[in-house]
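The first residue of the sequence shown is numbered 1, and numbering continues consecutively from there.
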Amino acid sequence: MTMRPDPTFHASPKLAMEAPAESSAYTVLLSPDFSKPDALAVIDVKPGSPTYSKIVHTVTMPNKGDEFHHFGWNACSSALSPLAGHAFLERRYLIIPGMRSSRIYIVDTKPDPTQAKIHKIIEPEEIFKKTGYSRPHTIHCGPEGIYVSTLGGSGKDGTDGPPGIFIMDCETFEVLGRWEIDRGPQTKHYDFWWNLPRDYMVSSEWALPPQFENGIVPEDLLSNKYGHRLHFWDLRARRNVQTIDLGANHQMALEVRPAHDPVREHGFVGVVVDTTNLEGSIWTWWREGGKFHIEKTVTIPPEPASKDQLPPLLQGFGAVPPLVTDIDLSMDDKFLYVACWGTGEMRQYDVSDPRKPKLAGSVRIGGIVRRAPHPNGQAFAGGPQMVEISRDGKRVYWTNSLYSTWDDQFYPQGIPGAEVMANASPGGGLELAKDYWVSFPDGYRAHQIRLDGGDCSTDSFCYPSV
């Protein structure tokens with residue numbers, strides 16, 4: 001603990017954008033067949049460095065079968081909240097959940113990321129006992145603790161009771177208990193985030209464990225049994241204040257991205273697929289007159305394909321759905337990046353007018369049918385998946401794996417782990433960096449990325465930009 005706030009904590013998004021650029025990228029690696037332990041790779045992202053875009057350190061876990069997916073920091077700019085009691089924490093520890101094992105690893109990145117090591121392991125029994133939840137998923141650092149969303153309730157298959165959010169102590173990492181006081185109609189979970197000064201949280205829905213752990217269940221998808229609602233919460237009272245149904249055909253409402261500047265009461269959510277036409281979509285929500293409203297503001301069509309080009313799962317459709325599996329919002333709230341994992345496209349939208357997004361840039365790489373190579377000639381399996389943006393908005397990083405069993409259904413030829421980066425122009429436009437290509441050890445796939453000093457899908461801010 002320091003005697004002054006961590007210098008990577010910033011009062012406003014604008015100040016975060018002006019901070020020094022990232023020098024390390026942390027990427028979680030999973031062993032899809034559980035033959036070896038999952039790992040955390042530390043990648044050098046300093047231009048001009050002799051080890052640029054190479055793995056400089058790996059933290060290998062002591063267990064197998066965790067299935068690393070999402071992860072996050074123990075503390076971030078939200079610690080500067082006037083209501084917080086923890087302004088002197090450090091952005092030091094990475095909280096890495098095993099989505100399949102319900103085990104959580106705490107990794108210490110100080111004093112040197114090339115010496116990062118396991119600090120503590122939280123066994124699943126502690127989570128089950130204190131929360132009744134399982135399958136931890138998304139990590140957000142709040143002003144008074146670490147928030148962890150889950151995808152399962154209790155019981156072997158995670159369906160004894162609904163999933164939700166629990167809190168961990170941000171210094172001892174002890175599991176404290178459930179966050180919800182009144183969940184209202186919420187029965188599924190996926191992502192969550194908030195606007196701290198406006199005192200609201202928004203959460204989304206994917207599926208229950210039997211609907212995702214062994215792969216997508218086509219019968220459930222076609223009968224619209226995956227998640228399709230957004231839930232809005234009173235953050236301080238910990239209660240559901242409003243639920244909006246996007247329509248049962250809008251299956252799998254995943255990442256939620258509120259505006260970073262707390263004066264802006266809007267945000268975005270990506271929907272994987274519309275079962276009536278295979279479109280992906282982006283929706284914009286906003287608060288007006290004390291109520292939340294939402295509308296579909298972007299649609300991304302499927303691309304026709306012959307049966308012999310498609311995996312068995314899609315052969316009956318004669319097309320590749322875009323499969324919007326991740327979105328991310330730049331720190332200045334100007335550009336929204338949309339990962340189309342099925343068609344192999346990263347899209348950049350100008351969302352200066354959040355209810356009228358405009359396509360500003362696009363790059364193609366991978367894809368079920370196109371299989372577009374990297375500019376360096378390397379084959380890129382899978383498609384753009386987890387995306388992370390530098391604080392200054394100039395660099396956009398992404399990986400290629402979604403979830404082990406889903407990877408195998410949509411990309412049966414395999415997905416060797418890869419990470420790439422595109423340079424973003426201030427006025428719009430994307431171009432893949434020819435000199436940034438991260439290869440991972442054989443047998444590993446790559447999922448979420450975190451940047452030292454914070455990133456656009458981690459930090460939440462308590463003060464407006466000027």
Side-chain angles (χ1 to χ4, degrees), residues 6 8 22-46 49 51-76 89-124 126-127 136-141 146 148 168 170-173 175 385-386 388 397-401 403-404 416-419 438-455 457-458:
D6 187 315
T8 73
E22 68 279 4
S23 58
S24 298
Y26 300 89
T27 302
V28 285
L29 307 182
L30 61 121
S31 170
D33 62 0
F34 318 129
S35 62
K36 53 184 122 181
D38 291 357
L40 174 72
V42 184
I43 299 155
D44 181 351
V45 296
K46 299 184 293 290
S49 167
T51 52
Y52 178 68
S53 90
K54 290 183 169 57
I55 298 171
V56 292
H57 181 62
T58 303
V59 182
T60 303
M61 305 304 152
N63 302 287
K64 296 179 182 178
D66 287 312
E67 183 111 10
F68 284 174
H69 196 66
H70 289 195
F71 69 122
W73 290 103
N74 66 307
C76 62
L89 291 168
E90 287 183 277
R91 189 197 305 269
R92 173 170 184 162
Y93 299 96
L94 286 167
I95 318 301
I96 309 177
M99 200 165 110
R100 199 174 284 270
S101 66
S102 298
R103 181 181 291 111
I104 296 178
Y105 298 87
I106 314 298
V107 172
D108 189 354
T109 67
K110 295 286 183 78
D112 183 340
T114 65
Q115 298 168 27
K117 59 186 181 298
I118 297 171
H119 171 74
K120 183 176 181 178
I121 300 174
I122 300 163
E123 294 296 342
E126 181 179 353
I127 296 169
H137 184 260
T138 297
I139 307 293
H140 272 304
C141 29
I146 299 163
V148 184
M168 293 168 59
C170 53
E171 294 181 90
T172 66
F173 307 110
V175 175
Q385 220 292 287
M386 293 309 297
E388 195 47 73
Y397 302 86
W398 65 85
T399 56
N400 59 340
S401 166
Y403 183 72
S404 60
E419 180 174 309
V438 184
S439 293
F440 297 100
D442 288 346
Y444 278 115
R445 295 177 188 169
H447 197 65
Q448 194 168 41
I449 304 163
R450 289 278 168 244
L451 305 177
D452 66 314
D455 43 59
S457 67
T458 300

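For Glu126 (side chain) and Val175 (main-chain N/O), a donor-acceptor pair under 3.5 Å exists by modelled atom type. Distance alone, capped at 3.5 Å, places no donor-acceptor pair between the Thr399 side chain and the Ser401 backbone. The main-chain N or O of Ser404 is found under 3.5 Å from a side-chain atom of Arg445 such that the two form a donor-acceptor pair. Side chain of Asp66 to main chain of Asp38: no donor-acceptor pair is present (N/O by atom type, distance under 3.5 Å, no hydrogens or angles). The main-chain N or O of Gly453 is never found under 3.5 Å from a side-chain atom of Thr8 such that the two would form a donor-acceptor pair.
In this structure, the side chains of Pro113 and Asp452 stay at 4.5 Å or more apart for every pair of heavy atoms. Considering only heavy atoms from C-beta on, Ile43 comes within 4.5 Å of Thr27 through its side chain. Put simply, the side chain of Ile127 reaches to within 4.5 Å of the side chain of Ile104, judged on heavy atoms. Side-chain contact check for Lys120 versus Ile118: every heavy-atom pair is 4.5 Å or farther apart. Proximity of Leu94 to Thr109: side-chain heavy atoms (C-beta onward) are separated by under 4.5 Å at one or more points. Residues Leu40 and Leu29 are not in side-chain contact: their nearest non-hydrogen atoms beyond the backbone lie 4.5 Å or more apart.
Aromatic ring orientation, His69 versus Tyr403: perpendicular (interplanar angle above 60°, classes split at 30° and 60°). Relative orientation of the Phe173 and Tyr93 rings is perpendicular, given thresholds of 30° and 60° on the angle between their planes.
Counting only residues at least two apart or in different chains, salt bridge (Lys or Arg N to Asp or Glu O under 4.0 Å) contacts with residues 107-117 comprise Glu90-Lys110, Arg92-Asp108. Pairs passing the side chain to side chain donor-acceptor pair (under 3.5 Å) check and including a residue from residues 53-65, sequence neighbours excluded, read Asn63-Tyr105.
Taking every heavy atom of both residues into account, Asp6 and Leu89 meet most closely at CB-O, 3.6 Å.
At a cut-off of 3.5 Å, with distance as the only test, a side-chain donor of Ser49 or Asp44 sits close to an acceptor on the other residue. A donor-acceptor pair shorter than 3.5 Å cannot be found between the side chains of Tyr26 and Glu388.
Ion pairing between Arg450 and Asp455 holds under the 4.0 Å rule for side-chain N and carboxylate O.
When the salt bridge (charged side-chain N to carboxylate O under 4.0 Å, His left out) test is applied to Glu419, no partner is found at least two apart in sequence or on another chain.
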